[in-house]
Amino acid sequence: MSNSHNMSSYRTHMQIIGDILLTTRDNTPDEQGASITYLIRKANISHGRISKILNNLVAQGLLEQSNSSGACKYKISHVGREFLQAYNTFNKFADGYGLTI
């Protein structure tokens with residue numbers, strides 16, 4: 001079972017979305033929101049990949065995007081907070097059955 005360590009450190013797409021939403025909810029440097037650079041560092045993901053995810057999250061209404069001093073900033077929306085709460089609840093539930101989402 002040498003693969004089990006690699007599998008536990010691998011994050012699913014849902015876990016990455018959860019990390020991004022959690023960061024924009026709890027760890028934004030200021031009230032304008034988090035910059036893409038800040039999110040790349042916190043979520044530990046490449047620029048190309050996070051750009052697509054952020055665009056999707058904004059399009060789905062889970063994040064709000066604003067321009068501050070010429071830079072895009074991201075904040076979690078009310079819908080994003082509800083999604084994150086449901087995600088965390090389901091994640092704990094799945095964990096109880098030994099499942100990874």
Side-chain angles (χ1 to χ4, degrees):
M1 282 286 193
S2 60
N3 260 357
S4 64
H5 177 68
N6 288 346
M7 291 305 288
S8 65
S9 62
Y10 172 79
R11 290 182 303 165
T12 65
H13 187 69
M14 279 304 300
Q15 287 168 326
I16 291 167
I17 288 171
D19 287 348
I20 291 169
L21 291 175
L22 192 63
T23 300
T24 58
R25 187 190 74 185
D26 297 342
N27 298 324
T28 52
D30 58 52
E31 68 277 354
Q32 257 79 57
S35 68
I36 192 164
T37 308
Y38 184 81
L39 290 171
I40 288 169
R41 273 202 318 268
K42 286 292 188 179
N44 192 22
I45 185 171
S46 72
H47 187 281
R49 188 147 181 228
I50 202 169
S51 291
K52 279 188 219 163
I53 294 171
L54 290 173
N55 288 339
N56 286 337
L57 293 176
V58 170
Q60 293 162 349
L62 299 177
L63 284 181
E64 296 167 355
Q65 182 180 347
S66 64
N67 281 334
S68 171
S69 316
C72 281
K73 299 277 188 138
Y74 297 90
K75 284 197 308 193
I76 194 166
S77 67
H78 179 69
V79 175
R81 288 177 189 279
E82 289 176 352
F83 178 90
L84 187 57
Q85 192 171 2
Y87 166 76
N88 286 334
T89 300
F90 187 72
N91 209 10
K92 284 180 192 148
F93 177 77
D95 244 14
Y97 288 95
L99 301 172
T100 303
I101 59 167

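The shown structure was predicted, so the numbers you read here are calculated from the model rather than taken from an experiment.
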field: Sub-4.5 Å side-chain heavy-atom contact between Asn91 and Met14
entry: no

Candidate pair Leu54 and Gln65, rule side chain to side chain contact (heavy atoms under 4.5 Å, CB included), full reasoning: CA-CA 9 Å; Leu54 290 173; Gln65 182 180 347; over 6 Å; no

- request: Answer yes or no: is there a side-chain heavy-atom contact under 4.5 Å between Ile36 and Cys72?
  value: no

field: Value rounded to 0.5 Å, distance of OH in Tyr87 from CG in Leu62
entry: 13.0 Å

query: Should Asp19 and Lys42 count as side-chain neighbours, where that means a heavy-atom distance under 4.5 Å?
result: no

message: Let's go through Ile17 and Phe83 carefully: what are the C-alpha distance in whole Å and the side-chain angles of both, what is the deciding distance for side chain to side chain contact (heavy atoms under 4.5 Å, CB included) to 0.1 Å, and is it a yes or a no?
response: CA-CA 10 Å; Ile17 288 171; Phe83 178 90; 4.2 Å; yes

query: Do Thr24 and Leu57 come within less than 4.5 Å of each other through their side chains, counting heavy atoms only?
result: no

Inter-residue atom distance Asn88.CG - Leu22.CG, 0.5 Å rounding: 7.0 Å

message: Working to the nearest 0.5 angstrom, can you tell me the gap between Arg41 CZ and Asn27 CG?
response: 11.5 Å

query: With a cut-off of 6.0 Å (strictly less than), are more than 12 heavy atoms of other residues, nucleotides or ligands near CD of Gln85?
result: no

message: For a quick test of reading the model, state the closest non-hydrogen atom pair linking Leu63 to Ser77 and the distance between them.
response: N-OG, 4.0 Å

- request: Following the transitive rule for hydrophobic clusters with a side-chain heavy-atom cut-off under 4.5 Å over Ile, Leu, Val, Met, Phe, Trp and Tyr, establish whether Ile40 and Tyr38 coincide in one cluster.
  value: no

Euclidean distance, Glu64 CD relative to Lys73 NZ, rounded to 0.5 Å: 14.5 Å

- prompt: If every non-hydrogen atom of Gly80 is compared with every non-hydrogen atom of Leu21, which pair is closest and at what distance?
  reply: O-CD1, 4.2 Å

Nearest heavy-atom neighbours spanning Gln32 and Lys75: O-CG, 3.5 Å

- line: Nearest heavy-atom contact between Arg25 and Ile76 is CA-CG2, 3.8 Å

